[in-house]
Every structure is written in structure tokens, then in C-alpha cells.
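Only one structure is covered here, and it is reproduced in the block below.
Worth knowing before you read on, the calculation uses all heavy atoms, side chains too, and leaves out hydrogens, waters and symmetry mates. None of the values given here were measured: they were computed from a predicted structure. Chain letters run A, B, ... following the sequence lines, proteins first, then strands; residues in each count from 1.
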Amino acid sequence: MKRDTKCSDLGEANIGQEVCVAGWVNVRRDLGGLIFVELRDSSGKLQLVADPNINKEAHQIFSNLRSEFVIIAKGKLTKRPEGTQKADQSSGTVELYPSEVILLNTAAPLAFQLDQAASVDEGLRLKYRFLDLRRPEMQHNLRTRHNVTNAIRMYLDKAGFIEVETPILTKATPEGARDFLVPSRLNPGAWYALPQSPQLFKQTLMMSGIERYYQIARCFRDEDLRADRQPEFTQVDMEMSFIDESDIFAVTEGLLKDAFAAAGFEVQIPFQRMTYEEAMSKYGADKPDLRFGMEIKDLSSAAKTCGFKVFKDVVESGGVLKAICLEGQAGKKSRKDFDAYQDFAKEFGAKGLAFLEFNEGGVRSSGIDKHLSPEDIEKMKELAGAKQGDFILMIASPDKVAANVMGRLRLKIAEELGIIDENKHVLLWVVDFPLFDYDEEEKRMVAVHHPFTSPRLDDLDKLKTDPLAARARAYDVVYNGVEIGGGSIRIHDRGVQERVFESIGLDLANAQEKFGFLLKALESGAPPHGGLALGLDRIIMLLTGSKSIRDVIAFPKTQSGGCPMTEAPSAVPAEQLKELHLTVKEKEKVRS
RNA sequence: GGGAUCGUAGCUCAGUUGGUUAGAGCGCCUGCCUGUCACGUAGGAGGUCGCGGGUUCGAGUCCCGUCGGUCCCGCCA
């Protein structure tokens, strides 16, 4: 017997046909006489019925079936009797009385019930991932992932890109995330690193004349995990020669339109564009969620002349007073709500938070109104864009902290108030990122994007004079407040590359050692080029409405970087370590 | 590295100010049941209360430590 049809392919059109289906017993309903078995395969479900008066043998087999047993059955497809049809399933109007059934395999009682997985501890789901992935939700996620990836491949192929694989065993890089290291058996004491991204290889490919490269590339970063971050993840990595930003935007927009369409979402192109500066000042984030308003307002000019010393001092010492306006929320926020906002703000470095509320009876505040004149309050109200009945939250602090805190409060409160339109799909480009940021810990300049990003030509002279003001030819794609990709036009001039290395404290000798091949390639006829990488896992997470990236990865890691199913990472035999010229400090050993 | 939170039956959870024999629903096992689809119904089995230590006449409950899960901060060019 061999399966010839999938469950959900069967409908009323197939009534009377001899079909053979196979799959797992989703559920068995034994009525004593009749036994119903819901058969599930990768496509869906089909109801099988055994009647002892029709087929005693089939009935006998059915009576011994349990959840997740594997069977194959054939027979003539019949229409369900009137009144027993299920309109909400594709094969809900038909059923199969098998003429023949074979039990292909049994299953031990399950670690968890598949239909309850949504509330089951995730560690257990991961330990028994083979069960978890049988669930229709997970099957749907993996299928969506395939469909989207497939659409991306077709799109890029049509656009003249070729997929090139790059090494997984490569060289550690000084900048960026922590590397995963792999010891070299043949070279004692030397290490490979797993790639954080194929960045240097794809640039090298441009210098090799590939012109349009892409790769669905696995990337590795040994950093702490989050709901949307795994130590190994997948990027749609692209690079093009002889192009500028507009080409990359056009290709990416077309790609994302197709990718979203593959998951059933329609998006408008071209995407909106916004400078980094505007994003930070209006939304307090480099990945603004534009599905709602509640923009951040600058009240510094009012603070400068106001009677409240705290505000005044902060602004006079170079800080800012920022506010968000909660429309119509006057009188609706309790002291407790405000305290929660304040605690939240403090987590992100705020010294304090203030509110002003414009009620019909007058102004209520977090105790600041006694320091403010009616004119001060009126000015703040106006600058905040508030009207009668509104509630504003304010923070006075250095610009960076104020933007970050307000940006996060904006999101938190919007979620609370339910003003985010879940049906909106807003994609935008954030452009003109700064080239450098100052790293307080390392006491040096670091690249915001990566050190191969081209400065804007008009900012080249700022590299030395005012590096923090230099802007990069870098861009991010943002979808509903989530960064789903980013890239840049790269440096293709050796001289410029050396100057940027110098700015981040990488002297020529060091640069030679780490990136000698790149410098050599740059002076060997490097075309202008640039590219972009999209976070595939994150995109699929958003398109499937998943809460975690783990729900769109077949075999993800837990927050401590482990795989509960295989129990990786684990100790290895001493012999294996010896071959690799390694020893592990006794007290740091894991139990093996 | 830090903060929060969770850990009791196979699963999801309840368990009062510390008090006798730790409960429920689902699942599992057995019986009955011919149109179910969360089938119904009667009965039954199933517990190292994550682990270690402490306080106490007595600890699932309180304290300390530890392990593991999740979320977040830092980190993630």
C-alpha cells in the first residue's frame, strides 16, 4: 500500500474515488461501535471511520490506535451524512471508511499534548521538538519561511543576482560582536572564527567582478540571547557593484514586496524615508514605529526661561526637555500609573519624570506646577502640542537619554492605550546614520555600522575634524518599529578605508594584519559597491505573528545558548581535546 | 555581568497565617457506549513538591545557596 493523496486535497469532488492516505492519528473518538479517527498529515486532516459491521478488521485496528500512531489507509471516499459535516475544514464534508488499514508505527504516550502546546513550557517543546514541529502552527511557520525564502530567491535570480556560498570557517575580526571560535587541529594554538556575517567575502566578490551577489547566509554572534536574537541566525545577504543608494532601495523594496506577498501581505513601494536625526528626535529610536503618532516634542526653549530650576539647569548645561502628549488622557492616569512610568524611565537612565495634565478644573502635575508660572505652563503646553484634556510626560536630561527614554515610553504607552493599528504595515528607510559613535568603555571611536561603510562624500573632511558629526552612507529598513535589515555603500578606495581605520584607532600595521587582503583587493581595481542584509528570522517572525524568533526556527537555542533536544553544547572526550591542543581548567569543566 | 519572574502528577495549574493522608482539569490505563469532532460515561493508576543546606516539634509553604526556563538591561560593528 502506498499513499497517493494528502488529506486536505480531498473534498466533495473526490467522492467515490479510491484513495490512499497516510499520517498520524490526531485524535481517536471511540463510540463503542463506530470509531472515528482524525488523520493528520503535513497538509491537514481527514476523518476516517471504522464500522464493525462493514469492516471488522479495520475496526479492530482502530480500537487499538492511540494519539500519534502512524497509519496508512485506503478506501472509497464518501460524503458525510447530512448534519455531521464540518464546514470549517477543507475536507470536512467527506470521510473515509477504509477497506484496508496498516499500522505503520506506534507512539509512546506524549510528553505533552500537541493541542496544548501553546501553554506548555517552551523548554519541553524544544526538548521534544520533533513533536512540537508536528503541530499545524509550526508547520505553517516553516512553510511560510520556505515560501518567503523561495520568493526571495526567485526575485533575486530574476534581478540578475547569483548565490555564492562563503566560508563558515573563517577569521576572527576585531570589530563588532564576540566571535565563536573553532580550534584548528592542524595549526596548534590557531583558531577559526564563525562569520558574524559574510561582509568581507561579499565585498571581495564585488572585487572579483561578480557584480550581483546574494546568499541566504547563516551568521554567528556569541552574544546574549533575546526573544528576537539567536546566536546563529539567517541573513538575506546582498551586494551590488556600480550602484548607489537608489539601486539598493529599489531592489530591496521589490524583494520585500514579493517576500511579504508570499506570506499574504501587501506593501506599498517605494517605502517612506527618514533621516536618522529625524527618527531620533521625533521617535526617540533609529527604528521608529510609524503606525501611530505621539511624536516626541522638544520643550527646551520653554525650559530655558522657566522658573523650575531642575529643567532650567539641565537645558543650560546642554541637555534637553522632551515631552510626549497622551491625547485625552487627562484624569485617566493615576499616581500609580505615573510612578510605573517613572520607574520604567529610570531603568533607561532618567533621573526623573514629570507630568502636566490639563483638566477642565485646571492644571495638575507631578508637583512641578508650583515652580512654573502660568506663562511657562502655557508655553510648554503649546510646544508639546497639547490641548485641554491631554496629559503630557516630560523628561529633562542629556539628549541621548531623553530620546531613548521618551522613545521607549512612547511605545509602552501606545501599547497600553491600544492605539497601534495592527493592520498597518509601515516600511521605511532610515538614512544618514552617523558614521561613528564614541565607546565609553573602550575610550575610542567605533563604527556605528561597520568600518567598511563609506562616509558621505560631503562629510569626508569631518573624519579628522569632527568625526562624530560625519554621516555614513548607511541605511536601515524598518518594519513597524523593528529593524529588519540594514546596509551601506562601502568604501572602495584604499585611502579612505585607511582613514576610517585610523579614526577607530586601528593603525596601519594592525589593519594589515586583520584586513590585509581587503586593503590589497581595494587597490586592485575595486568597483564602487554596496549592499544590504535582511534578518530573515525576524522577518518571518513578524509575518507569522510569532512572539519569538524561536517559533520560526526549526531547532533554536534557549536563552543560555543550549539545545534541549541534543543537549548541545556538551563536554567532549579528553582525547578530542588533546587532538585540538586544548585543556580545560578543572573547576570550569561542565559535567559530562 | 545585572534585574525581574517561574519551577508541585506526563501536561497546565491550585495548595490559606508553617499543621495530620498534597488536590483539580487534561492526558494515560480498564469497562460501557453506532454519527463523534474538546464525544460521552463509570472506575483506576500516577508525586524525590527542581536540587542541596538551614530555621522549626513540624517545611510544598520561611531563610540561604544552587541548577534550569522565560522576559529585560548591558552586550548584539
Side-chain angles (χ1 to χ4, degrees), chain A residues 26-39 45-54 59 63 66-68 80-89 91-92 95 97 107-128 131 173-179 196-197 199-200 219-231 233 343-344 346-349 404 408 412 433 435-437 439-442 445-453 472 474 483 486-488 500 504 506 533 535 547-548 550 557-560 562 564 567 590-591:
Chain A
N26 200 52
V27 68
R28 182 187 64 123
R29 290 182 284 269
D30 186 344
L31 271 57
L34 285 180
I35 300 174
F36 296 94
V37 161
E38 224 173 71
L39 186 73
K45 295 165 190 165
L46 178 69
Q47 177 163 280
L48 311 182
V49 198
D51 184 330
N53 297 326
I54 295 174
H59 185 265
S63 68
R66 296 293 181 271
S67 285
E68 300 305 310
R80 291 201 197 182
E82 290 301 328
T84 66
Q85 302 182 350
K86 302 281 281 184
D88 55 335
Q89 282 173 21
S91 53
E95 60 193 1
Y97 284 83
L110 305 177
F112 60 89
Q113 287 157 260
L114 266 49
D115 59 352
Q116 293 182 354
S119 60
V120 167
D121 176 69
E122 204 186 342
L124 196 75
R125 284 175 51 204
L126 292 180
K127 183 169 178 185
Y128 299 93
L131 289 181
T173 49
E175 297 287 304
R178 189 178 296 112
D179 286 311
Q196 296 175 30
S197 84
Q199 185 60 35
L200 291 168
C219 304
F220 306 86
R221 295 177 190 175
D222 190 5
E223 298 291 350
D224 288 354
L225 292 83
R226 286 286 188 282
D228 62 353
R229 263 167 34 193
Q230 284 271 304
F233 61 99
D343 288 345
F344 181 78
K346 283 178 177 170
E347 273 182 57
F348 300 99
N404 184 31
R408 288 179 187 266
K412 181 186 168 73
F433 276 79
L435 189 61
F436 301 119
D437 194 16
D439 187 322
E440 294 290 349
E441 251 174 53
E442 296 196 36
M445 220 62 84
V446 293
V448 166
H449 192 56
H450 56 56
F452 318 108
T453 298
E483 181 201 326
S488 63
V500 169
I504 59 170
L506 198 63
K547 284 207 170 60
S548 157
R550 294 185 294 273
K557 306 271 188 289
T558 66
Q559 193 157 36
S560 55
E567 293 184 312
V590 298
R591 68 247 175 273

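Between A/Asp439 atom CG and B/G74 atom C1' there is a gap of 12 Å when expressed in whole angstrom units. What separates CD of A/Glu223 from C1' of B/G1 is a distance of 13 Å, to the nearest Å. The CZ atom of A/Phe344 sits 11 Å away from the C1' atom of B/C73 (whole-angstrom rounding). Put simply, CG on A/Asp121 is 9 Å from P on B/C13, counting in whole angstrom units. Between the C1' atom of B/C39 and the CD atom of A/Glu38 lies a distance of 12 Å, rounded to the nearest Å. Protein atom CG of A/Leu48 is 15 Å distant from nucleotide atom C1' of B/G35, rounded to whole Å. Rounded to whole angstrom, the span from the CZ atom of A/Arg28 across to the P atom of B/G40 amounts to 13 Å. Atom CG in A/Asp30 sits roughly 15 Å away from atom P in B/U41 (whole-Å rounding).
One finds a side-chain N or O of A/Ser560 lying less than 4.0 angstrom from the OP1 or OP2 phosphate oxygen of B/G69. For the pair A/Arg66 and B/C29, the criterion of a side-chain N or O lying under 4.0 Å from OP1 or OP2 is met. Taking side-chain N and O atoms only, A/Arg29 has a distance below 4.0 Å to OP1 or OP2 of B/C39. Contact annotation: A/Arg408 side-chain N/O to B/C72 OP1/OP2 distance is not under 4.0 Å. At the phosphate of B/C71, OP1 or OP2 sits under 4.0 Å from a side-chain N or O atom of A/Arg550. Distances shown here put a side-chain N or O of A/Thr558 below 4.0 Å from the OP1 or OP2 atom of B/G69. Between A/Arg226 and the phosphate of B/C75, there is no side-chain N or O to OP1/OP2 separation shorter than 4.0 Å.
Judged purely by atom type and a 3.5 angstrom limit, A/Glu175 has no side-chain atom pairing as donor or acceptor with the backbone of A/Val446. Side-chain atoms of A/Arg28 do not come within 3.5 Å of backbone N or O of A/Ser67 as any donor-acceptor pair. For the pair A/Asp179 (side chain) and A/Thr173 (backbone), a donor-acceptor distance under 3.5 Å is present. Remark: the backbone N or O of A/Arg80 is paired with a side-chain donor or acceptor of A/Gln85 at under 3.5 angstrom.
Ionic pairing of A/Glu122 and A/Arg550 is present here: one or more N-O contacts between side-chain nitrogen and carboxylate oxygen are shorter than 4.0 angstrom.
Annotation: B/A22 and B/G46 have their P atoms spaced 13 Å apart (nearest Å). To the nearest whole angstrom, the two C1' atoms, one in B/U55 and one in B/A59, are 10 Å apart. Between the C1' atoms of B/C73 and B/U12, the separation comes to 31 Å (whole Å). Atom C1' of B/G10 sits at a distance of 13 Å from the matching atom of B/A45, rounded to the whole Å. When the P atom is compared between B/C26 and B/G65, the two are found 41 Å apart, to the nearest whole Å. Comparing B/G15 with B/G60, their C1' atoms sit 8 Å apart, to the nearest whole Å. Across the C1' atoms, B/G25 and B/U56 are found 35 Å apart, a figure rounded to whole Å. The P atoms of B/G52 and B/G43 are separated by 38 Å, rounded to the nearest whole Å.
Within 4.0 Å (heavy atoms only), A/Val120 reaches sugar-phosphate atoms of the nucleic acid but no base atom. Within the nucleic acid shown, A/Phe452 has no heavy atom closer than 4.0 Å to any nucleic acid atom. Across all strands, A/Gln47 comes closer than 4.0 Å to base atoms (heavy-atom distances). Among the heavy atoms of the strands lying under 4.0 Å from A/Asp51 is at least one base atom, whether or not backbone atoms are also near. In this structure, A/Glu483 reaches neither bases nor backbone, as no heavy-atom distance under 4.0 Å exists between it and the strands shown. Counting any heavy atom pair closer than 4.0 Å across all strands shown, A/Ser548 reaches no nucleic acid atom. Among the protein residues, A/Val448 comes within range of the sugar-phosphate backbone only, with heavy atoms under 4.0 Å from sugar or phosphate atoms but none that close to a base.
Base-pair partner of B/U61: not found among the strands shown (Watson-Crick or G-U wobble, both distances under 3.5 Å). A 3.5 Å limit on both hydrogen-bonding distances identifies no Watson-Crick or G-U partner for B/G27. Taking a pair to require two hydrogen-bonding distances under 3.5 Å in either a Watson-Crick or a G-U wobble arrangement, B/A4 pairs with B/U70. Nucleotide B/U16 has no partner under the Watson-Crick or G-U criteria, as no pair reaches both atom distances under 3.5 Å.
Map A/Ala111 and A/Leu126 each onto its nearest nucleotide of RNA chain B; the residue landing nearer the 5' end is A/Ala111. Toward the 5′ end of RNA chain B lies the nearest nucleotide of A/Leu124, the other residue of the pair A/Leu31 and A/Leu124 mapping further downstream.
In this pair, A/Phe36 lays its aromatic ring flat on the base of B/U36, centres within 5.5 Å and planes under 30 degrees apart.
Side-chain atoms of A/Arg80 lie closest to B/U36 of the nucleotides B/U34, B/U36, B/C72. Checked against B/C28, B/G74, B/U12, the side chain of A/Asp224 finds its nearest nucleotide in B/G74.
Within a 6.0 Å sphere centred on OH of A/Tyr128, heavy atoms belonging to other residues, nucleotides or ligands number 12 at most.
In this structure, A/Arg221 and A/Ser197 have side chains that are in contact, with non-hydrogen atoms separated by less than 4.5 Å. Side-chain contact between A/His59 and A/Asp51: absent, with no pair of heavy atoms (C-beta onward) separated by less than 4.5 Å.
Evaluation of atom-type donor-acceptor distances gives a pair under 3.5 Å for the side chain of A/Arg229 against the base of B/C76.
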